[in-house]
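One structure is given here, and the rest of the page talks about it.
Not measured: the values here are computed from a predicted model. Note that these values count all heavy atoms, side chains included, but never hydrogens, waters or copies made by symmetry.
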Amino acid sequence: MGIFDILGPVMVGPSSSHTAGAVRIGQFGRLLLGEEPGRAVIGLHGSFAATGEGHGTPLALLAGLLGMDPDDEGIPAAMEIARERGLDFRFETTDLGEVHPNSVRMALKGEDAALELRASSVGGGRIQVWGLDGFPVFLEGVYPTVLLVYPDRPGMLAMVTTILGNAGMNIATIKAHRDSRGGQALMTVELDHTPAVGILNALRHLPYMEQVRFVPRLGFGG
Amino acid sequence: MTLVAGTLSAYRAAALERDAPLWSVFLAEEAAQSGRDPSALEALMRERIRVMRQSAARGLGNPQMSRSGLIRGGAHRMAAWMDSGASLLGPAFTRLAATALAVAEVNACMGRIVAAPTAGACGVLPAALFTVADEKGRSEEELVRAFFTAGGVGLVIEHLASLSGAEGGCQAEVGSASAMAAGGLVELMGGTPLQVDHAVAFALSNVMGLICDPVQGLVEVPCVYRNAMGAANAVVSAEIALAGVESAFTADQVIETMGRVGRRIPEEFRETARGGLASLPAPGCDSCRGACGNA
Ligand code: SF4
C-alpha cells in the first residue's frame, strides 16, 4: 500500500468495488479465456445483484470482458459496444452461497476455449478469483499467473517447478487443487515476472499436460 | 534511511530529525518503498491532479444526471449561483462547495475520477486543495507537495484505522478525505508538521461517528453533499491550526479513536443501505421527475 493506492486508482465511477473491481473481474475472464469472448452468461450475486444496476456493475463487467481498463470512458457504453462486437451476453441473478456480497459467476465461450469463473470484488478495486471450472482457486490478478490442468498424478509439480526454476522464474505462490471426481488437477502459479512464450510452450509439452493458460498482471489504468 | 512508519508522529519525528518538511518525508518514504525515482513520483502526482481537474471541469461545465435520477446537475447549478453574486461568503467558498459536488457528481454518473481515498469521497481533496491553491496563487509544484502530505495522512489512517465506509462508516471515507485535505492545506500554506497534525486531528474529531447510509445503495445521496461538507471541514480545520490553535489530542489518537468507533458502528450504518437516510421511503418519482425514463 502506497500513496498512489490512497490517491487512486484513476477510475470511472461510481464505486471502486461495484465498478472498478467489476471491470477487473471482466478483464481477468477475458485474459484467462485467451481470446475474444463470443458468449457470456453472467450471474450476479448479493450486492452485485441488488445494487449493481445503479452502480453500473453489469456495464463494468462487460467492459472488462471487452478489454477496457477501469478508467476507460467507454464503460458506460459497454452494452452497445458489446452488441457491435457481436458479444452475445446475458445477465441473471444467482445465489453463490456464503460468499462475499460483491460476487459474480461468469460462463465464457470463445471460438476455442470455454470457462466458468467465480470471483468477488473485495474493496478498493481489488478482486479475488475463487472458483475456476469447479476448482477452488485464490487469485488476485496482482501477479503474472500460469494455470495448468492435468490428470492428478505424482511428479507434475516437480516438473513444472523445474522448468520455471531453470528459466530463472521466481515463484511467488504455487497451489495445486484436485478434483476428486474426474481425477483432474489444477495448478496455479503466481510469478514475479512475465514468462516468455517459450517457457509456456515448454510447460505445454510436458507429458500428460492438458492445458496451460496464462494471465498477465492486471493493470489499473491511470 | 528508510522509515517504517505507520503513525503521523513517526513521520513528524523524521521531519524534525531531517529538518525537512513533511511532504518530503512522505515522498522519500514512497520512493524507498516503491523503488521509483522521486521525480517519477512527482510526475505521477501531477497526472493524478490533471485527472482531478478534468473531473471538476466536467461537473461544473455540464449538468451531471445520474441513472437513478437522484443527481441532477447540482454542481452546474451552484456555478451559476456563484456567478450571480449571491454567494453567502463570496465566490471562493461557493467554488469550494461547487467543486466538491462537481467531482462527486461526475463519479456518480460514471465519469472518470481519482478515488481519493475512495470513489465516494473523491470530491473532497480536489475541492479543498484546488480552491485554496487558486485563491492563494500557489504553484503547481506546491500543490503536488500538498497532495503528497494529504496522501501520507491517508496512509496513516489506513494503517491505524480504515478508509472504508463498509468497515468504519462515512467518518472513514469522507471524514478521512477531509482530514487528508486539512493536512494538505496546512502544507500548501507552509505550515509546520505539528500544524498538519493539529489540522488532521480537528478534521477527524469534527466528523467522529458519521455513519454511512447511501440511499438506494448508490453513491449519490447523501454522499455528493457530504463531499462539500468534507471540503469545508478541511478548510475550517486547516485555518484553525494555521492560526496557532492546538488540538487537545494528537492526530494518531483521534485516528485510532475513529477506527474504534467505526468498528462499533452497527452494520446497518456501514454501507448496507439499511439505516439512516437509506431507511427513509424511496424518494421515487417525485425526485426523479422523469429522468429515469419510466415516467
Ligand atoms: S455515505 Fe457511505 S457511500 Fe456515501 S460517501 Fe459516505 S461512506 Fe461513501
Side-chain angles (χ1 to χ4, degrees), chain A residues 1-24 44 46-63 68-80 100-102 120-126 192 220-222, chain B residues 26-27 29-30 33-34 36 41 44-45 47-49 51-52 55 66-68 70-71 103-120 122 125 147-159 163-164 166-167 176 180 214 216-220 223 271-273:
Chain A
M1 184 66 79
I3 281 181
F4 293 99
D5 300 308
I6 304 288
L7 297 178
V10 177
M11 55 171 275
V12 160
S15 154
S16 56
S17 50
H18 283 74
T19 322
V23 175
R24 296 177 90 235
L44 303 168
S47 171
F48 264 15
T51 68
E53 193 61 43
H55 283 118
T57 303
L59 295 170
L61 289 164
L62 274 181
M68 292 186 220
D69 279 326
D71 69 336
D72 195 312
E73 295 195 290
I75 293 171
M79 295 253 176
E80 293 87 75
H100 193 284
N102 298 329
S120 307
S121 174
V122 296
R126 289 182 300 275
D192 283 342
F220 235 129
Chain B
F26 286 127
L27 176 57
E29 175 71 1
E30 181 71 19
Q33 293 289 325
S34 66
R36 298 175 71 176
L41 296 174
L44 189 55
M45 191 64 90
E47 175 56 23
R48 292 283 204 265
I49 290 172
V51 175
M52 287 180 181
S55 328
S66 71
R67 289 143 58 91
S68 70
L70 291 170
I71 298 302
V103 179
E105 287 179 353
V106 164
N107 177 62
C109 300
M110 295 195 83
R112 196 155 171 260
I113 52 95
V114 180
T118 60
C122 66
L125 278 153
F147 269 99
F148 271 105
T149 294
V153 170
L155 270 180
V156 171
I157 300 176
E158 166 77 12
H159 182 75
L163 295 171
S164 139
E167 274 177 68
S176 296
M180 291 161 63
Q216 295 174 26
L218 303 174
V219 195
E220 301 187 12
C223 317
E271 220 176 272
T272 52

- Query: Contact part of B:Met180 toward chain A, heavy-atom cut-off under 4.5 Å: side chain, backbone, both or neither?
  - Reply: side chain
- State, with a plain yes or no, whether a side-chain heavy atom of B:Phe147 is found less than 4.5 Å away from one of A:Ile3. no
- Message: Looking at every heavy atom in both A:Pro14 and B:Val219, which two are closest together, and how far apart are they?
- Response: O-CG2, 3.7 Å
- Heavy-atom pair of closest approach, residues B:Glu158 and A:Met1: OE2-CE, 3.5 Å
- Task: Find the one option among B:Ser55, B:Gly151, B:Cys122, B:Ser164 whose heavy-atom pairs under 4.5 Å with chain A are most numerous.
- Result: B:Gly151
- Message: How close do A:Leu59 and B:Met110 get, counting heavy atoms only, and between which atoms?
- Response: CD1-SD, 3.8 Å
- Item | Option in A:Asp72, A:Thr51, A:Ile75 with maximal non-hydrogen atom pairs under 4.5 Å from chain B | A:Thr51
- Item | Option in B:Pro117, B:Ser176, B:Gly111 with maximal non-hydrogen atom pairs under 4.5 Å from chain A | B:Gly111
- Message: Apply side chain to side chain contact (heavy atoms under 4.5 Å, CB included) to residues A:Val10 and B:Glu47 and explain how you reach the verdict.
- Response: CA-CA 10 Å; A:Val10 177; B:Glu47 175 56 23; over 6 Å; no
- Note on the structure: Rounded to the nearest 0.5 Å, the CD atom of B:Glu271 sits from the OG atom of A:Ser15 at a distance of 7.0 Å
- Task: Can you see which heavy atom on B:Ala115 is nearest to which on A:Met11, and at what distance?
- Result: CB-SD, 4.3 Å
- Query: Is the side chain of B:Arg67 donor-acceptor paired with the backbone N or O of A:Gly56 at a distance under 3.5 Å, no angle test?
  - Reply: no
- Checking B:Leu163 against chain A: side chain, backbone, both or neither under 4.5 Å from a heavy atom? side chain
- Heavy-atom distance under 4.5 Å between the side chains of A:Leu7 and B:Leu125, does that happen here? yes
- Item | When A:Gly2, A:Pro76, A:Pro101, A:Ser16 are compared by non-hydrogen pairs under 4.5 Å with chain B, the top option | A:Gly2
- Determine the minimum heavy-atom distance between B:Arg48 and A:Phe4, stating which atoms define it. NH2-O, 3.1 Å
